[in-house]
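Presented below is the structure to which this report refers.
Proteins come first, then strands; the chains are lettered A, B, ... in the order of their sequence lines, and each starts at number 1.
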Amino acid sequence: MSLKAFHLFFIATSVLLAVGLGIMTLQDFLERHAMAQLGWSLLSFVAALALILYATRILKKLKHVGFL
Amino acid sequence: MDIPYIVHARPDTGVNNGKLGVWLFLASEVMLFGALFSTYVFLRVGASDWHTWHSEAGLSIPIGTTNTIVLITSSITMVMAWASLMMKEFGKFRLYFGLTIALALVFMLFKAIEYNAKFSHGHFPGTNNFLAIYYVLTGLHALHILGGIIVNSYLIGPGAKLWRTNAAQFTCRIEAAGLYWHFVDLVWIFLFPTLYLL
């Protein structure tokens, strides 16, 4: 597996972490109505989206590099 | 004597020798961290006071989150450094690779602050099972970060001379260093929710 493939796997795992963190803090906001938790939730979802956009960009940039 | 397959892939393995060696090493690392994660699960399942220990430890989620962002960014700069070499832009490589090392140092600084706060509150590895596994897992991970800093510092310093004589081999070395770095960062991606959030 090349660094390109491992990097995409790493970014995918980071996206899952960001989404998980977003859901966790959103649940906390719904239970306790703490505005800070809503802020953290939004930030987590934005981070997940930014990572997805980055992954598509790097995939285009490294299109000539193989996955092995 | 020339050593074969340091740049080109071996027909039988499909990868060059350096990459195969790094992946074999990483396989042993998976077993090491896997065993410690299993230890964490068994300690947690068997302890009735786990949540008390966890809350008493008072791990800082903002510091943990910051360190997560720092390591994700360092992985991005590592790939940018490798991509710069493939585009024959050595100046950009130095910038991105230097940033990777700087971010690793930032991670270590935050870890030192965190450890210092724990020690000043009397939270030592012998205090309870949660802190024992916390120090073992994060300490071993920090040692891996330190190892990465040493290797990367060599590659941006004296090791960079290879770029002038054999650019392809140097690019392969950076890829191997990048694979190791991604593994270390991936371990943190699992450590952070396991220790800080759950």
Side-chain angles (χ1 to χ4, degrees), chain A, chain B residues 8-10 13-16 18-20 22-24 26-27 61-62 64-87 89 92 171-194 196-198:
Chain A
M1 191 194 281
S2 70
L3 183 56
K4 175 189 170 179
F6 198 23
H7 185 62
L8 288 172
F9 175 71
F10 174 77
I11 295 296
T13 315
S14 303
V15 168
L16 287 177
L17 175 70
V19 169
L21 199 62
I23 292 169
M24 215 175 96
T25 44
L26 187 65
Q27 277 178 340
D28 205 30
F29 164 72
L30 292 173
E31 282 169 19
R32 299 193 293 126
H33 301 286
M35 285 309 283
Q37 296 302 90
L38 182 65
W40 282 116
S41 177
L42 284 172
L43 272 176
S44 301
F45 287 124
V46 167
L49 191 67
L51 284 169
I52 291 168
L53 290 173
Y54 161 76
T56 53
R57 194 168 158 250
I58 200 78
L59 205 56
K60 276 181 197 164
K61 191 173 181 170
L62 298 175
K63 63 182 174 193
H64 61 283
V65 181
F67 284 97
L68 194 61
Chain B
H8 301 292
R10 272 178 71 113
T13 61
V15 291
N16 62 51
K19 204 186 282 185
L20 181 69
V22 166
W23 275 113
L24 286 173
L26 293 184
I61 294 175
T65 309
T66 307
N67 265 347
T68 306
I69 295 165
V70 164
L71 285 190
I72 290 172
T73 312
S74 80
S75 284
I76 291 171
T77 54
M78 176 60 99
V79 165
M80 291 298 187
W82 177 58
S84 301
L85 285 183
M86 285 190 293
M87 289 184 281
E89 292 178 15
K92 273 190 180 175
T171 308
C172 286
R173 281 189 182 178
I174 296 301
E175 187 181 10
L179 288 170
Y180 170 79
W181 193 248
H182 272 68
F183 173 79
V184 174
D185 293 353
L186 193 64
V187 169
W188 180 259
I189 294 293
F190 285 98
L191 275 182
F192 171 61
T194 305
Y196 290 75
L197 304 177
L198 299 176

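Residues L186(B) and F9(A) meet the side-chain proximity criterion, which asks for heavy atoms closer than 4.5 Å.
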message: Determine whether L3(A) and I174(B) satisfy the following criterion, side chain to side chain contact (heavy atoms under 4.5 Å, CB included), listing intermediate values before the conclusion.
response: CA-CA 10 Å; L3(A) 183 56; I174(B) 296 301; over 6 Å; no
task: Starting from the C-alpha separation in whole Å, work towards a yes-or-no answer on side chain to side chain contact (heavy atoms under 4.5 Å, CB included) for V15(B) and M1(A).
output: CA-CA 8 Å; V15(B) 291; M1(A) 191 194 281; over 6 Å; no
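For the side-chain contact (heavy atoms from CB on, under 4.5 Å) criterion with V79(B), the lone passing option out of L8(A), I58(A), I11(A) is I58(A).
Atom CE of M35(A) has 12 or fewer heavy atoms from other residues, nucleotides or ligands within 6.0 Å.
Sorted by first and then second residue, the salt bridge (Lys or Arg N to Asp or Glu O under 4.0 Å) pairs with a member in residues 33-55 of chain A form an empty list; sequence neighbours excluded.
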Can you list every donor-acceptor pair under 3.5 Å that links chain A to chain B?
{"from": "M1(A)", "atom 1": "O", "to": "W23(B)", "atom 2": "NE1", "distance (Å)": "3.0"}
{"from": "L3(A)", "atom 1": "N", "to": "E175(B)", "atom 2": "OE2", "distance (Å)": "3.0"}
{"from": "H7(A)", "atom 1": "ND1", "to": "H182(B)", "atom 2": "NE2", "distance (Å)": "2.6"}
{"from": "L68(A)", "atom 1": "O", "to": "K19(B)", "atom 2": "NZ", "distance (Å)": "3.0"}

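Using a 4.5 Å cut-off between heavy atoms, F183(B) touches chain A through backbone and side chain atoms alike. I76(B) touches chain A through backbone and side chain together, each having a heavy atom under 4.5 Å away.
Atom CG in L51(A) sits 6.0 Å away from atom CD1 in I72(B) (nearest 0.5 Å).
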